[in-house]
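Sequence positions, counted from 1, serve as the residue numbers for this chain. No experiment lies behind these values; they were computed from the predicted model shown.
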Amino acid sequence: MSSRSIVIIGGNGKIAQRLTKLLVSSGHQHRITSIIRSSSQADSIKALSPELVTPLVLSLETSQSADYTKVFEETTADVVYFIAGGSGKPGENGESAVERTRKVDYEGSIMIYDALEAVSGKKPRLIMISALDIRAPDAPFPDHYDEADRALSARIKVAHPVYYEWKYKADIELVGRSGFKWTLVRPGGLTKEPGAGTAAIGRTHLTSRISRDDVAQVLFYLLDREDASGLAIDVAGGPSDIKSRLDEVIKK
């Protein structure tokens, strides 16, 4: 795996920090620009690897598309990971949690798509975190869902309607873009358990939760998988070796 220039948007998040540790681990000398929304997060991000990680304060809520294009060009980014999210919290300028979800998860996504398209020369590849079961409001359940999956899906949509609405719209917008290469990663419910190095990838069950460690591994293995471009990859807890199963799904 050759050294890459990588930008992580949402660098202070739990999955993002796990991914950063993998990217700078022994044998991987990737250069990371970790975009965070507060200077108070900088020291802990820098501590992940003082030589290889550069924290950069830039907020999806207050910055412009051109600001991100500048970062991508100045770092000669090869890959951009979008792992940011509104987290159901109020915004920086007094917005409600609902408004912030729209601002970060939808408008922030669109801003990054536009920024990538504006990069001069070769565009970075985007690896975008979404969520399992994101689909049109009137779409039927996937054929492989069992009764428990369908029941959980219905409960989640009632509990988080705004999040699912804006993530769906952001994903649909991404699928329609052709100015840069992209891969969507759609993890199921997340746990804090140590990673097992295994997962279900492809046709997954919504009820099978997955460790954040294992989601970070999926993102890590996708770094050099340009052949995953244009794919939306569902990931949940399961027994298959992550690297091997990911390779099978990509090659189908």
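Judged by distance alone, the side chain of R125 and the main-chain N or O of K181 form no donor-acceptor pair under 3.5 Å. Judged by distance alone, the side chain of H30 and the main-chain N or O of V24 form no donor-acceptor pair under 3.5 Å. Remark: the backbone N or O of S244 is not paired with any side-chain donor or acceptor of D247 at under 3.5 angstrom. At distances below 3.5 Å, not a single donor-acceptor pair connects side-chain atoms of R212 with backbone N or O atoms of A16. The backbone N or O of E193 lies less than 3.5 Å from a partner atom in the side chain of S211, making a donor-acceptor pair. Using modelled atom types, one side-chain atom of T183 and one backbone atom of A228 make a donor-acceptor pair closer than 3.5 Å. Between the S44 side chain and the Q41 main chain, a donor and an acceptor come within less than 3.5 Å of each other. Under the 3.5 Å distance criterion, the side-chain polar atoms of R225 are left unmatched by any main-chain donor or acceptor of Y221. Between the side chain of T198 and the main chain of G238, a donor-acceptor pair closer than 3.5 Å is present. For the pair S153 (side chain) and D149 (backbone), a donor-acceptor distance under 3.5 Å is absent.
By the criterion of side-chain heavy atoms lying less than 4.5 angstrom apart, applied directly or through intervening Ile, Leu, Val, Met, Phe, Trp or Tyr residues, I127 is grouped together with V249 in one hydrophobic cluster. Residues L246 and I15 share a hydrophobic cluster, clusters being chains of Ile/Leu/Val/Met/Phe/Trp/Tyr side chains in contact below 4.5 Å. There is no path of hydrophobic side-chain contacts, each under 4.5 Å, that joins L231 to Y168. Both L19 and I233 are members of a single hydrophobic cluster when ILVMFWY side chains are connected at heavy-atom separations under 4.5 Å. L132 and I250 fall into different hydrophobic clusters, where Ile, Leu, Val, Met, Phe, Trp and Tyr are joined by side-chain heavy atoms under 4.5 Å apart, directly or via other members.
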Check against salt bridge (charged side-chain N to carboxylate O under 4.0 Å, His left out), D224 and R4: CA-CA 9 Å; D224 282 337; R4 301 294 188 93; 2.7 Å; yes
L60 vs K103, test: side chain to side chain contact (heavy atoms under 4.5 Å, CB included). Steps then yes/no. CA-CA 8 Å; L60 290 169; K103 187 76 173 176; over 6 Å; no
Where do L52 and T20 land on the side chain to side chain contact (heavy atoms under 4.5 Å, CB included) test, with the steps shown first? CA-CA 10 Å; L52 297 173; T20 301; over 6 Å; no
Applying side chain to side chain contact (heavy atoms under 4.5 Å, CB included), run through Y113 and F180 and close with a yes or a no. CA-CA 8 Å; Y113 306 162; F180 55 90; 4.0 Å; yes
Let me see the working for R135 and Y164 under side chain to side chain contact (heavy atoms under 4.5 Å, CB included), right down to the final yes or no. CA-CA 8 Å; R135 52 193 167 84; Y164 275 79; over 6 Å; no
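Remark: D105 does not engage R100 in a salt bridge, criterion side-chain N to carboxylate O under 4.0 Å. Salt-bridge annotation for K252 and E248: absent, with no side-chain N of the basic residue lying under 4.0 Å from a carboxylate O of the acidic one. One finds a salt bridge joining R177 and D114 here, because a Lys/Arg side-chain nitrogen approaches an Asp/Glu carboxylate oxygen to under 4.0 Å. Taking a cutoff of 4.0 Å between a charged side-chain nitrogen and a carboxylate oxygen, K192 and D213 do not qualify as a salt bridge.
You'll find the side chain of L190 reaches within 4.5 Å of the side chain of I210, heavy atoms only. Between S34 and L56, the closest side-chain pair of non-hydrogen atoms is not below 4.5 Å. Proximity of T54 to I45: side-chain heavy atoms (C-beta onward) are nowhere separated by under 4.5 Å. Side-chain contact between E61 and V104: present, with at least one pair of heavy atoms (C-beta onward) separated by less than 4.5 Å. Taking the side chain as every heavy atom from C-beta outward, D146 and H205 approach each other to under 4.5 Å. The shortest distance between side-chain heavy atoms of S229 and W182 does not fall below 4.5 Å. The closest side-chain heavy-atom distance from Q17 to N12 is below 4.5 Å.
When all heavy atoms of S63 and L58 are compared, the pair lying nearest together is OG-CD1, 3.2 Å. Here the shortest heavy-atom pairing between Q217 and G197 reads OE1-CA, 4.1 Å. For E73 against S120, the heavy-atom pair with the smallest separation is OE2-N, 2.8 Å. Here the closest non-hydrogen pair linking H144 and T204 is NE2-O, 2.9 Å. Of all heavy-atom pairs between K46 and V53, the closest is NZ-O, 3.0 Å.
Between the side chains of D171 and S130, at least one donor N or O lies within less than 3.5 Å of an accepting N or O.
The line from CG of D67 to OG of S59 is 10.5 Å long, rounded to the nearest 0.5 Å. Distance check: M128 CE to S109 OG gives 3.0 Å after rounding to the nearest 0.5 Å. To the nearest 0.5 Å, atoms CD (E107) and OG1 (T101) are separated by 11.5 Å. Separating the CD1 atom in I9 from the CD1 atom in I35 is a distance of 5.0 Å, to the nearest 0.5 Å. Taken from CG in L22 to CG in L223, the straight-line distance is 11.0 Å, to the nearest 0.5 Å. Within the model, atoms CD of E117 and OG of S65 stand 9.0 Å from one another, a figure rounded to the nearest 0.5 Å.
Counting heavy atoms of neighbouring residues, nucleotides and ligands inside a 6.0 Å radius, atom NZ of K157 exceeds 12 of them. The environment of K123 atom NZ is dense: over 12 non-hydrogen atoms of other residues, nucleotides or ligands sit within 6.0 angstrom.
The aromatic rings of Y106 and W166 sit tilted relative to each other, their planes meeting at an angle between 30° and 60°.
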Please list every donor-acceptor pair under 3.5 Å in which a side-chain atom of residues 74-85 meets a protein atom from a residue at least two apart or in another chain.
from : atom 1 : to   : atom 2 : distance (Å)
T75  : OG1    : V71  : O      : 2.8
T75  : OG1    : F72  : O      : 3.4
D78  : OD2    : S5   : N      : 2.9
Y81  : OH     : L219 : O      : 2.8

